[in-house]
There are 2 protein chains.
Amino acid sequence: MSKKRETLLIVAEKLFYEHGFHAIGLKQIITEADIAIMTLYNHFASKDELIVEVLKRREQQYMEYLHRFLTDDREAILLNLAKGHAQRLMDIQSRGCMFLRAKEEFAGDPTHPVVQTVNRHKENVMKFIEQLDSSLTSQQILQFSLLLEGSTALAETEDTATVCAQLIDMTEKLFVRAA
Amino acid sequence: MSKKRETLLIVAEKLFYEHGFHAIGLKQIITEADIAIMTLYNHFASKDELIVEVLKRREQQYMEYLHRFLTDDREAILLNLAKGHAQRLMDIQSRGCMFLRAKEEFAGDPTHPVVQTVNRHKENVMKFIEQLDSSLTSQQILQFSLLLEGSTALAETEDTATVCAQLIDMTEKLFVRAA
DNA sequence: CAATAAATATAATGATCGTTCTATATAAAG
DNA sequence: CTTTATATAGAACGATCATTATATTTATTG
């Protein structure tokens, strides 16, 4: 609705993802966004709430991204999801999974809103995959999730394109050729 | 050498891993370690240097851990490494890869000593695997690394024992049965 | 015991943190 | 124009941050 609010979310997401949640102060966010501090507090009750809203926004974008790679071919559902995840790793400058990073920084308190938001996000992704093909076992879903998480993590230290090629190759070997 | 120095490293590693590097202040470290702040600065020039030393200590422990799972059976080298990695995930309360977490928090400056220490660590692990079996292709090493990173990341939101079982199963399928 | 080194307590530094208050200014809607 | 909501600048809050200075005490070693 509000343009200022969206600007704040965009700038905050960029800075949080680049430097971490504790490392970035609100001052740096409002400076880069060129917005007054009281405007930020008018839209968000606290820094924690801003972080939660940033994560929710990012989750929505990620899910929309995956949706673009859906297919009717039941044999290639997971393969196409892998291609979607890989394409997204290429699109964003990959610095790891922002959700896991958020959880890590706030995991000292498991009841913290940020931690709960991340837990819900990961559940949502698993349920999404499960719903696409109800014939998948829970083990298969876990193994596919392991590939997605592994590619995201490995891309932090190795060339992203090369990592994506391995993700797709492994998905083929584990879930297409040997289904 | 110094007992105080080692105490500081142990306490700092625990707190950094539990809450993150920016989230933990030196005050909390010296309080929990029951050591004066000037003693810390007597052993470490700065917080950054303390972090680097914590990481180097952790790398040494991880490598020693993997070494305990080495075998002469060339067919099962990677499988045993996977079992070692899995066993370590079970041992430590897994909150993700501490090295990647460190890199993420300091990646804003790629020349930062912490970032370089992490990059070197990841290179060392890959070289270690490469040296164990020179017949492995670079793609195979990358794919195995993807499995290790994936299991570490997935264990942050899913049951660690279950994740470890998947890691071993996937390693068997990709690198033993179908080598 | 004397000499050297290591560790201590305490306080100060200047900076930044998240958050709140006050008061003014701009914009939208009646 | 007048009302109402939104955004602004700027200062203040108490707390904490990493780091340094000073001065005292404890351990170690010759």
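In this text, all values refer to a predicted model and were calculated from it rather than measured experimentally.
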Counting only N and O atoms by type, is there a donor-acceptor contact under 3.5 Å from the side chain of [X] to the main-chain atoms of [Y]?
X       : Y       : value
B/Tyr17 : B/Met98 : no
A/Ser94 : A/Met90 : no
A/Arg57 : A/Glu13 : no

Please confirm whether B/Phe69 and B/His85 have ring centers closer than 6.0 angstrom.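 No, the ring centres sit 6.0 Å or more apart.
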
How about A/His22 and B/Phe21: are their ring centres within less than 6.0 Å of each other?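 A/His22 vs B/Phe21: aromatic centres not under 6.0 Å.
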
Name the nucleic acid region contacted by A/Ile24, choosing base, sugar-phosphate or nothing; use a 4.0 angstrom heavy-atom cut-off, strictly under.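 Result for A/Ile24 = sugar-phosphate.
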
Taking atom [atom2] of [N] as reference, at what distance in whole Å does atom [atom1] of [X] sit?
X       : N      : atom1 : atom2 : result
B/Glu49 : D/dA18 : CD    : C1'   : 14 Å
B/Leu26 : C/dT16 : CG    : C1'   : 15 Å
B/Leu40 : D/dT19 : CG    : P     : 9 Å
B/Ile30 : D/dC17 : CD1   : C1'   : 12 Å
A/His22 : D/dA18 : NE2   : C1'   : 17 Å
B/Tyr41 : D/dT19 : OH    : C1'   : 5 Å
B/Leu8  : C/dA7  : CG    : C1'   : 11 Å
B/Phe21 : D/dA18 : CZ    : C1'   : 17 Å

Please identify which of these residues, A/Arg120, A/Glu104, A/His121, meets the side-chain contact (heavy atoms from CB on, under 4.5 Å) condition with A/Phe99.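 Between A/Phe99 and the candidates, side-chain contact (heavy atoms from CB on, under 4.5 Å) is satisfied uniquely by A/His121.
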
Listing time: all N or O pairs from protein to nucleotides 28-30 of chain C that are below 3.5 Å?
none

Could you summarise the pairing of DNA chain C as dot-bracket text, marking Watson-Crick and G-U pairs under 3.5 Å with ( ) or [ ] inside the strand and | across strands? ||.||.||||||.||||.||||||||||||

Does a nitrogen or oxygen in the side chain of B/Gln28 sit under 4.0 Å from OP1 or OP2 of D/dT16?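 It does not, given that no N or O in the side chain of B/Gln28 lies less than 4.0 Å from OP1 or OP2 of D/dT16.
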
Salt-bridge present (B/Lys122, A/Glu156; N to O < 4.0 Å):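 Looking at A/Glu156 together with B/Lys122, the answer is no, because their closest N to O distance does not fall below 4.0 Å.
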
Which residue lies toward the 5' end of DNA chain C, A/Lys27 or A/Ala45, if each is placed at its nearest nucleotide?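 Closest to the 5' end, via its nearest nucleotide, is A/Lys27.
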
Contact between A/Leu174 and A/Leu147 at the side-chain level, heavy atoms closer than 4.5 Å - yes or no?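 Touching, per the 4.5 Å side-chain cut-off.
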
Near B/Asp73 CG, under 6.0 Å, is it more than 12 heavy atoms from other residues, nucleotides or ligands?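 More than 12 heavy atoms, drawn from other residues, nucleotides or ligands, come within 6.0 Å of this atom.
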
Just by protein heavy atoms under 4.0 Å, how would nucleotides 7-12 of chain D read 5' to 3' in B, S and -? SBBB--

Step-by-step side chain to side chain contact (heavy atoms under 4.5 Å, CB included) determination, B/Phe106 to B/Val118: CA-CA 10 Å; B/Phe106 294 93; B/Val118 173; over 6 Å; no

Linked, directly or transitively: A/Phe128 and A/Tyr62 (ILVMFWY side chains, under 4.5 Å):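 Yes: a chain of side-chain contacts under 4.5 Å links A/Phe128 to A/Tyr62.
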
